[in-house]
Participant: 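Take this structure first; my questions come after.
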Amino acid sequence: MVNDTQPTLILASSSPFRRELLGKLGLPFTAASPDIDESALPGESATELVLRLARLKAQALAADHPDALIIGSDQVCVLDDAILGKPGDRDNAINQLSNASGRSVVFHTGLCLYNSATGRHQGGCENFTVHFRTLSQDRIRRYVDNEKPFNCAGSFKSEGLGIVLFKALEGRDPNALVGLPLILLTDFLAAEGVSLP
């Protein structure tokens with residue numbers, strides 16, 4: 001049974017995948033989409049970028065939710081020290097997967113839990129490595145045409161057909177790969193006094 005005195009929980013995201021992940025915790029929440037500039041700053045590392053954007057996303061909703069715990073999350077994919085953005089279209093998705101073929105990419109997922117009543121924030125980054133199989137151009141094209149992963153960092157959906165592209169997965173929390181590190185989030189919620197089921 002959920003305590004009625006639990007703080008309001010807001011997910012600062014329009015992602016259906018993040019909503020589904022947060023739903024696993026069995027806590028009531030609402031989701032709202034923050035409006036922020038997600039551009040990287042000059043010289044900013046992948047970890048610095050996702051931590052900053054996760055915090056900005058959470059803080060962007062504070063004025064509309066002045067007495068809430070707001071969850072912000074952001075993710076980037078890195079190959080050879082280069083940040084891979086969302087591909088946006090078929091050609092870029094095919095190019096990203098071609099470059100990743102037979103190699104490993106690291107996903108950096110930043111998380112922020114912002115208490116809009118107190119101004120306290122907790123932040124952290126969870127890393128997850130995807131080791132790709134060697135992929136033929138035909139297989140890449142078939143995958144991209146079936147899944148259309150144009151709005152996904154790395155050009156795949158691990159919760160869908162993307163799993164056929166992988167040789168191995170390596171990391172502490174598989175939820176981080178989808179976009180919301182739940183192990184870290186439960187630590188943050190507990191530190192705010194939230195009773196987890």
Participant: Evaluate the side-chain proximity of S13 to R19: yes if any heavy-atom separation is below 4.5 Å, no if none is.
Facilitator: no
Participant: Can any side-chain N or O of S104 pair as donor or acceptor with the backbone N or O of H131 at less than 3.5 Å?
Facilitator: no
Participant: Using the rule given for side-chain contact (heavy atoms from CB on, under 4.5 Å), can you reason through L180 versus L111, listing the C-alpha separation, both sets of side-chain angles and the distance that settles it, and then say yes or no?
Facilitator: CA-CA 7 Å; L180 190 64; L111 178 70; 3.9 Å; yes
Participant: If every non-hydrogen atom of G193 is compared with every non-hydrogen atom of Q6, which pair is closest and at what distance?
Facilitator: O-OE1, 4.2 Å
Participant: So, S116 side chain and A62 main chain: donor-acceptor pair closer than 3.5 Å or not?
Facilitator: no
Participant: Do L165 and V130 have side-chain heavy atoms sitting under 4.5 Å apart?
Facilitator: no
Participant: To the nearest 0.5 Å, what is the distance between CG (D67) and CG (N115)?
Facilitator: 7.5 Å
Participant: Are side-chain heavy atoms of D64 and I10 found at a separation under 4.5 Å?
Facilitator: no
Participant: Give, for atom CG of L177 and atom SG of C77, the distance between the pair rounded to the nearest 0.5 Å.
Facilitator: 9.0 Å
Participant: Between F132 and R103, is the side-chain contact (heavy atoms from CB on, under 4.5 Å) condition met? List the steps.
Facilitator: CA-CA 5 Å; F132 280 87; R103 302 170 76 194; 5.8 Å; no
Participant: Over all heavy atoms of both residues, which pair between V76 and A46 is shortest? Give the atoms and the distance, please.
Facilitator: CG2-CB, 3.8 Å
Participant: Between L69 and P7, which heavy-atom pair has the shortest distance, and what is it?
Facilitator: CD1-CG, 3.4 Å
Participant: Could you grab the distance from atom CD of E126 to atom CG of D173, nearest 0.5 Å is fine?
Facilitator: 5.5 Å
Participant: If you count every heavy atom of other residues, nucleotides or ligands that lies below 6.0 Å from D138 atom CG, does the total exceed 12?
Facilitator: yes
Participant: Below 4.5 Å, heavy atoms only, C-beta onward: do L189 and L27 meet side chain to side chain?
Facilitator: yes
Participant: Tell me whether L49 is reachable from V105 by hopping between hydrophobic residues (I, L, V, M, F, W, Y) whose side-chain heavy atoms are closer than 4.5 Å.
Facilitator: no
Participant: Taking a hydrophobic cluster as the set of Ile, Leu, Val, Met, Phe, Trp and Tyr residues connected by side-chain heavy atoms closer than 4.5 Å, whether directly or through intermediates, do L11 and V178 fall within one such cluster?
Facilitator: yes
Participant: First locate atom CD of E170, then atom CZ of F128, and finally report the distance between them rounded to the nearest 0.5 Å.
Facilitator: 8.5 Å
Participant: Within this structure, what is the OG-OH distance for the pair S136 and Y143, rounded to the nearest 0.5 Å?
Facilitator: 14.5 Å
Participant: Do you know the tightest heavy-atom contact between A93 and S155?
Facilitator: CA-OG, 3.3 Å
Participant: Using only atom types and a distance under 3.5 Å, with no angle test, would you say the side chain of Q137 pairs donor to acceptor with the backbone of I94?
Facilitator: no
Participant: Hydrophobic clusters here meaning ILVMFWY residues chained together by side-chain heavy-atom distances under 4.5 Å, can you tell me if L182 and L196 are in one?
Facilitator: yes
Participant: For L51 versus G123, what's the shortest heavy-atom pair and its separation?
Facilitator: CD2-C, 4.3 Å
Participant: Answer yes if F150 and L79 sit in the same cluster of Ile, Leu, Val, Met, Phe, Trp and Tyr residues linked by side chain heavy atoms under 4.5 Å apart, and no otherwise.
Facilitator: yes
Participant: Could you tell me if the side chain of L113 sits less than 4.5 Å from the side chain of E192, heavy atoms only?
Facilitator: yes
Participant: Taking all atoms of both residues into account, what is the closest heavy-atom pair of A32 and L61, and its distance?
Facilitator: O-CD1, 3.7 Å
Participant: Whether the side chain of S14 engages the backbone of S33 through a donor-acceptor N/O pair (distance < 3.5 Å, no angle test) should be reported.
Facilitator: no
Participant: Do S39 and D37 have side-chain N/O donor and acceptor atoms under 3.5 Å apart?
Facilitator: yes
Participant: I need the T30 OG1 to I70 CD1 distance, nearest 0.5 Å.
Facilitator: 9.5 Å
Participant: Is the shortest heavy-atom distance from the side chain of I183 to the side chain of N175 under 4.5 Å?
Facilitator: no
Participant: Can you establish whether the number of heavy atoms outside D35 located under 6.0 Å from its atom CG is more than 12?
Facilitator: no
Participant: Using ring centroids (six-membered ring only for Trp), state whether F107 and F156 fall under 6.0 Å.
Facilitator: yes
Participant: With distance as the sole test, does K157 use its side chain to make a donor-acceptor pair with the main-chain N or O of P149 at under 3.5 Å?
Facilitator: no
Participant: Determine whether a donor-acceptor pair (N or O, by modelled atom type, separation under 3.5 Å) exists between the side chain of S73 and the backbone of G110.
Facilitator: yes
Participant: Do the charged groups of D145 and R90 touch, with an N to O distance under 4.0 Å?
Facilitator: yes
Participant: For residues L97 and V144, determine if any side-chain heavy atom of one lies less than 4.5 Å from a side-chain heavy atom of the other.
Facilitator: yes
Participant: Show your reasoning for whether side-chain contact (heavy atoms from CB on, under 4.5 Å) applies to L184 and Q122.
Facilitator: CA-CA 10 Å; L184 190 57; Q122 301 172 74; over 6 Å; no
Participant: Please tell me if the side chains of S158 and F166 come closer than 4.5 Å, counting only heavy atoms from C-beta onward.
Facilitator: yes
Participant: Could you walk me through whether L25 and L185 pass side-chain contact (heavy atoms from CB on, under 4.5 Å), step by step?
Facilitator: CA-CA 10 Å; L25 297 184; L185 179 59; 4.1 Å; yes
Participant: Please check if the side chain of Q96 supplies one atom and the backbone of G85 the other of a donor-acceptor pair under 3.5 Å.
Facilitator: yes
Participant: Flag yes if V106 and L84 sit in one hydrophobic cluster, no otherwise; membership is Ile, Leu, Val, Met, Phe, Trp, Tyr, and two members link when side-chain heavy atoms are under 4.5 Å apart.
Facilitator: no
